[in-house]
Amino acid sequence: MPEVAIVGAGQTRFGDFPDRGVKELFAEAYQETLASVDRGMDPADIQAAYIGCLSAGGGFQLGQLAPLLTSYVGLPDIPSLRVENACASGGYALVAAICAVASGRYDLVLAAGVEKMRDASANRARYWLGVSGDTEYERLAGLTFAGIYATMARRYMEEYALKREHLALVAVKNHAHGAQNPKAQFQRQVDVDTVLRGPEVASPLGVWDCCSTTDGAACVLVASARVARSFTDRPVYVMGWGAASDHLAIHDRARITSLRATVSACRQAYQQAGVGPQDLDLAEVHDCFTIAEIMAYSDLGLCEEGRNAALLESGATRLGGSIPVNVSGGLKAKGHPLGATGIGMACEIFWQLRGQAELPSRQVKDAQIALSHNVGGSGGSAVVVVYRGG
Amino acid sequence: MGAHVSIAMYQRNIPLRYRLVGQRCQTCGGVNFPPRAVCSQCSKGTRFEDIQLSGRGVLYSWTRIAGAGAPSEFAAQAQALGSFVVGLVQLEEGPRVVAQIVEVGRSAPRLGQRVEAVLRRIYEEDGVIRYGYKFRPAGDAAPTPPGK
């Protein structure tokens with residue numbers, strides 16, 4: 001029996017919000033989370049908060065961002081901690097909340113993520129993105145975040161005869177999903193030709209292969225199984241989770257066509273959950289670049305190594321397929337507000353496993369078991385969580 | 001806004017940045033570059049001797065960074081050239097290293113292609129030009145290690 005459950009979830013739309021700062025975004029996701037609890041709840045019951053954020057609110061609050069945010073929403077007393085592991089900050093905040101509850105110390109903990117990226121000039125946004133690799137040796141050779149994944153993509157194409165068109169198919173699929181998600185940043189479809197004709201960012205990746213910069217916030221309420229049913233008849237249980245790291249720099253890794261941190265985190269999560277990839281009804285996967293989703297297919301066991309392109313081409317990972325991947329639109333179309341991304345994945349899974357997708361057309365039918373996969377930077381850290389509906 | 005590496009921090013790494021000085025692990029004999037506190041090969045060794053790397057290697061992978069996407073400290077270079085190539089080079093002695101690949105023009109480099117290190121201007125910060133290694137296609141003549 002799982003010890004930990006999620007009993008509420010809320011998320012802002014991901015996108016570009018000139019009228020809202022990091023505090024307002026956080027407050028919106030928090031209020032939606034409170035309202036989502038079926039039997040209602042008293043905010044005074046929340047005992048601790050873990051908040052994922054990479055940029056410390058765009059750099060304006062380097063210290064104590066988390067107490068600032070929780071006091072803003074009327075929780076000035078509880079222990080509140082910012083969690084930072086680049087793009088996996090949200091995933092690690094979720095795992096911190098799960099551990100805090102599983103330890104027995106707390107019964108109800110807020111796991112959140114927030115990022116305000118659109119206030120930053122293009123230069124400053126590139127700064128925040130470019131310092132999550134090994135700054136001294138990757139960044140100072142002129143390599144960008146996209147450039148690191150592009151280097152992986154080139155090697156992957158060589159080793160596995162992956163075609164440029166396969167990368168494009170990931171963008172096409174995830175934009176088709178995002179087009180149905182009212183909370184997605186980009187709610188429009190694209191076709192393969194558009195993706196292939198897009199301006200180059202870091203070859204072989206073009207602009208449509210890359211996630212955007214995004215504002216957004218997301219929260220989930222993590223409860224002990226003991227109290228979960230006092231909040232709802234339909235908690236979403238955490239069956240298992242795993243977290244792992246790898247060498248930050250790609251030059252230190254034996255391989256660059258697989259993320260070792262993902263493989264390790266995933267093994268832990270399946271083991272604890274007592275399920276395998278064949279049991280999953282959907283997966284929210286870290287597709288910061290199109291190549292990242294392709295690599296994740298085999299890293300998460302959805303296919304054997306080398307069968308990744310075939311899995312994609314088969315349509316199995318589309319909505320309606322045998323293992324839909326990123327029905328939310330993924331980082332690619334839903335958007336990637338760094339620290340909020342990992343919590344946003346948990347929100348999507350909370351809604352899908354409770355049959356609450358806004359549109360019937362984007363609901364995965366009879367979804368029981370789901371997986372989320374959140375990666376820091378180019379694979380320096382990763383978190384995998386397996387959930388089941390109550 | 002550029003990634004900040006102070007002059008003091010850069011200065012500590014001059015031997016490896018100018019001359020590709022690596023570490024040989026006294027426990028397993030494995031070569032580390034850049035240096036580590038614990039050997040990346042055996043995960044045990046903590047005692048090392050300096051080793052001069054040859055600067056010869058082959059291209060393991062690469063990307064061409066578009067001008068508009070370049071990090072801010074490389075923006076002027078990207079503007080002047082339109083784009084630049086960054087590669088992952090597999091050195092003869094074993095380690096891989098990330099560096100710019102120069103003298104390739106607009107042509108697409110080839111994986112497995114032989115390259116050699118050259119000492120070049122990398123970027124400028126705090127009014128100080130930072131020099132370091134880049135790689136270029138290896139000619140037929142025996143290459144000279146950078147800084148020699």
Side-chain angles (χ1 to χ4, degrees), chain A residues 55 58-59 120-159 198-207 209-210 246-257 289 291 378, chain B residues 1-5 9-10 12-13 16-17 32-36 40-41 59-75 77-78 81-91 95-102 108-112 120 122-123 125 130 132-135:
Chain A
S55 69
S121 64
N123 229 1
R124 207 175 169 91
R126 276 204 296 273
Y127 167 75
W128 284 113
L129 292 174
V131 292
S132 292
D134 187 330
T135 306
E136 271 188 280
Y137 296 103
E138 294 179 324
R139 168 64 176 256
L140 292 187
L143 207 49
T144 55
F145 186 37
I148 293 173
Y149 274 96
T151 304
M152 296 179 187
R154 174 96 53 205
R155 187 72 201 178
Y156 196 103
M157 290 165 87
E158 173 88 1
E159 287 186 19
E200 198 165 84
V201 172
S203 69
L205 304 180
V207 71
D209 293 286
C210 307
D246 194 359
H247 296 297
L248 213 52
I250 54 168
H251 61 240
D252 285 326
R253 300 182 190 168
R255 298 178 57 197
I256 61 168
T257 52
F289 298 93
I291 183 65
S378 52
Chain B
M1 187 170 183
H4 177 61
V5 172
M9 187 176 175
Y10 204 84
R12 288 182 201 112
N13 289 332
L16 73 95
R17 296 213 182 259
N32 292 272
F33 183 88
R36 310 187 74 94
S40 65
Q41 314 292 304
L59 196 57
Y60 187 77
S61 191
W62 63 275
T63 180
R64 184 180 291 278
I65 306 289
S72 36
E73 55 273 25
F74 296 93
Q77 180 191 354
L81 300 175
S83 65
F84 58 83
V85 173
V86 182
L88 186 55
V89 173
Q90 173 94 52
L91 296 173
R96 288 184 201 135
V97 54
V98 175
Q100 290 191 26
I101 309 296
V102 296
R110 191 168 41 75
L111 300 203
R120 291 289 169 90
I122 307 293
Y123 73 110
E125 193 190 351
R130 314 292 175 93
Y133 49 82
K134 295 185 181 181
F135 286 77

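Per chain, numbering begins at 1; letters A, B, ... match sequence-line order. The figures here come from the full heavy-atom set of this structure, side chains too, leaving out hydrogens, waters and symmetry mates.
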Proximal component of Asn13(B), with respect to chain A [non-hydrogen, under 4.5 Å]:
side chain

Residue of the set Leu143(A), Thr144(A), Leu140(A) for which side-chain contact (heavy atoms from CB on, under 4.5 Å) holds with Pro71(B)
Thr144(A)

Examine whether an atom of Arg36(B) lies under 4.5 Å from a heavy atom of chain A, and if so say whether it belongs to the side chain, the backbone or both; otherwise answer neither.
side chain

Closest heavy-atom pair and its distance - Gln100(B), Gly142(A):
NE2-CA, 4.4 Å

Non-hydrogen atoms of Arg96(B) and Arg253(A) that approach each other most closely:
NH1-O, 2.9 Å

Given a strict heavy-atom distance threshold of 4.5 Å, which part of Tyr60(B) is in contact with chain A: side chain, backbone, both, or neither?
both

Ser61(B) side chain near Glu158(A) side chain, heavy-atom distance below 4.5 Å
no

With chain A, the option among Leu88(B), Ile122(B), Val97(B) that has the most non-hydrogen atom pairs under 4.5 Å is Leu88(B)

Chain B heavy atoms under 4.5 Å from Thr135(A): which part of the residue, side chain, backbone, both or neither?
side chain

Taking the side chain as every heavy atom from C-beta outward, state whether Arg154(A) and Arg64(B) have any atom pair closer than 4.5 Å.
no

Name the member of Met152(A), Arg155(A), Glu136(A), Glu200(A) that forms the most heavy-atom pairs with chain B at distances under 4.5 Å.
Arg155(A)

Ala146(A), Ser203(A), Ala153(A): which one forms the most heavy-atom pairs within less than 4.5 Å of chain B?
Ser203(A)

Can you check side-chain contact (heavy atoms from CB on, under 4.5 Å) on Ile250(A) and Val98(B), steps first, answer last?
CA-CA 8 Å; Ile250(A) 54 168; Val98(B) 175; 4.3 Å; yes

Ranked by heavy-atom pairs below 4.5 Å to chain A, first place among Tyr10(B), Phe84(B), Trp62(B), Phe33(B) goes to Trp62(B)

Per-residue contact mode, Leu16(B) against chain A (heavy atom under 4.5 angstrom)
side chain

Of the non-hydrogen atoms in Ala150(A) and Thr63(B), which two are nearest, and what is the gap between them?
CB-OG1, 3.3 Å

Taking side chain as everything from C-beta outward and backbone as N, CA, C, O, which of these in Ala254(A) sits under 4.5 Å from a heavy atom of chain B? Side chain, backbone, both or neither.
backbone

Residue pair Ala141(A) / Ala99(B): nearest heavy atoms and the distance that separates them:
CB-CA, 4.0 Å

